[in-house]
Amino acid sequence: MFNEEIVASFKSKETPFYYYDLGLLKKTLTACKIASDAFNFHVHYALKANFNERVLSLIQSNGFGADCVSGGEVKRAVESGFDKKQIVFAGVGKSDTEINDALDQNIFAFNVESVQELEVINELAEVKGKMASVAVRINPNVDAHTHHYITTGLDENKFGINSWDLPMVSETLKRCKNLEFLGIHFHVGSQITDMNVFKSLCVKVNEMQHWFEERGMPVKILNVGGGLGVDYHHPDEEAIVDFESYFQIFADFLIVKPYQEVHFELGRALVAQCSSLISKVLYVKHGIKKNFVILDAGMTELMRPALYQAYHQIDNISKLKVESLKSKNEGIETFNSSPSTLNYDVVGPICESSDCFGKEVQLPETKRGDLIALRTAGAYGEVMASAYNLRPAIRHAYSE
Ligand SMILES: *Cc1c(COP(=O)(O)O)cnc(C)c1O
């Protein structure tokens with residue numbers, strides 16, 4: 001992602017900013033598209049991971065659909081040129097305004113998260129004299145084995161409809177004249193790296209589609225959500241996710257009938273690796289037990305470490321030469337114990353102790369003015385930025 005030329009081009013830019021490697025994004029999208037097309041699977045991009053204009057435009061032009069979790073995202077997806085027939089809308093708390101706007105747009109499907117929501121969408125569609133296409137989001141009680149803040153598919157989570165409510169769901173769907181039942185939807189969590197989770201999900205999806213079809217309700221859409229994880233520890237070696245293996249699991253374990261379509265909602269796996277947050281070192285403090293590198297970027301630009309103790313690789317890109325030298329000499333003992341690396345706690349300027357990007361991070365000796373890259377920041381990075389402490393708006397840099 002980085003070479004001397006790119007780092008040199010950063011010198012004149014005001015920090016912090018998000019740097020996007022659009023070339024890498026393009027390669028990632030192509031890899032995903034080829035892998036999904038091989039099975040005739042449909043992929044919707046989850047806008048909430050990143051709704052940067054240039055990122056969205058690339059994703060849209062590569063033929064992906066859009067997965068939205070708010071009225072604002074539905075609006076943005078339409079404005080960005082996504083095909084309305086490829087827009088789905090999930091979320092536990094859709095407001096009446098959001099539902100009405102989505103009905104006006106004739107989106108592909110509402111992914112409905114409660115029986116009460118089914119009733120409300122039916123009423124609002126009736127007023128408009130329209131049919132609302134709905135998929136039912138079922139909570140499959142599958143443990144995603146990921147951080148508890150990004151687990152969504154357990155009985156205790158707020159998302160989706162629990163299996164014991166399904167009889168009420170089918171009764172409601174049969175009674176509501178302005179609802180068209182399309183199929184079933186699932187999303188069990190994010191940053192899932194254990195592929196067994198997806199196998200367990202397939203087993204549940206098969207059970208659930210059988211349940212509906214037994215009751216005379218054909219399931220046309222099997223939407224298995226997103227959640228595919230990326231390798232935060234190897235942003236360069238594993239820059240593109242193994243989409244083939246991921247889709248192969250669904251091809252192997254899902255029962256798909258000829259009239260059915262399989263839909264996915266990937267966010268993180270498409271955009272995480274294509275961006276880094278670039279920041280400048282303001283100060284270096286040497287304490288008794290600790291050294292601190294104080295950056296001009298903080299949790300206001302990248303909240304994931306503060307929000308869920310997320311790991312981001314931290315590179316001193318002003319010391320790029322030293323770093324590449326080090327990897328060439330890997331295995332030579334004298335170099336490994338090089339006195340030029342030190343352990344630092346890398347922190348931001350925000351007045352919160354959780355404003356810390358990493359503890360005991362090994363870096364080449366770092367000085368005021370060095371550029372630091374917080375890697376794998378393309379997903380749930382700039383979209384979570386806030387103005388806390390009256391911080392300025394996010395800046396950007398791009399390479400093709
Ligand atoms: C967030 C979300 C996704 C995308 O999750 P990733 O982990 O980024 O792939 C997909 N579907 C729904 C309903 C979501 O809320």
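Both counts, for ligands and for their atoms, begin at 1 and track the order of listing. We use all heavy atoms of the structure for the numbers below, so side chains are in, but hydrogens, waters and symmetry mates are not.
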For a side-chain contact (heavy atoms from CB on, under 4.5 Å) check, start with the C-alpha distance between Asn111 and Glu265, then their side-chain angles and the critical distance, and finish with the verdict.
CA-CA 12 Å; Asn111 290 331; Glu265 299 170 339; 3.2 Å; yes

Considering non-hydrogen atoms of the protein only, which is the closest contact for atom 3 (C) of ligand 1, and what is the distance?
His187 CE1, 3.4 Å

For atom 1 (C) of ligand 1, what's the nearest protein heavy atom and its distance?
Lys48 NZ, 1.3 Å

Name the orientation class of the two ring planes belonging to [X] and [Y] (parallel below 30°, tilted from 30 to 60°, perpendicular beyond 60°).
| X | Y | result |
| --- | --- | --- |
| Tyr246 | Phe198 | perpendicular |
| Phe108 | His44 | parallel |
| His233 | Tyr311 | parallel |

Using a 4.0 Å cut-off to any heavy atom of [X], which atoms of ligand 1 qualify?
| X | value |
| --- | --- |
| Arg137 | 13 (C) |
| Tyr380 | 1 (C), 4 (C), 5 (O), 6 (P), 8 (O) |
| Glu265 | 3 (C), 4 (C), 9 (O), 10 (C), 11 (N), 12 (C), 13 (C) |
| Ala46 | 3 (C), 4 (C) |
| Ser190 | 6 (P), 7 (O), 8 (O) |
| Arg268 | 6 (P), 8 (O), 9 (O) |
| Val69 | 15 (O) |

Give yes if a backbone or side-chain nitrogen or oxygen of [X] is under 3.5 Å from a nitrogen or oxygen of ligand 1, and no if not.
| X | result |
| --- | --- |
| His185 | no |
| Gly226 | no |
| Ala269 | no |

Does NZ or CZ of Arg54 come closer than 6.0 Å to the centre of the six-membered ring of Tyr20, within 45° of the ring's axis?
no

Do Lys204's NZ or CZ and the ring of Phe186 fall within the cation-pi criteria of under 6.0 Å and 45°?
no

Could you tell me if the ring centre of Phe250 sits under 6.0 Å from that of Phe39?
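Judged by ring-centre distance (under 6.0 Å), Phe250 and Phe39 do not meet the cut-off.
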
Measure centre to centre between the rings of Phe2 and Tyr19, then say whether the value is under 6.0 Å.
yes

Residue portion contacting ligand 1 (non-hydrogen atoms closer than 4.0 Å) for Asp67
side chain

Could you work out, for atom 6 (P) of ligand 1, the closest of Ala90, Gly91, Gly227 by heavy-atom distance?
Gly227

Tell me whether Arg391 contacts the main-chain N or O of Glu301 through its side chain, where contact means a donor paired with an acceptor under 3.5 Å.
no

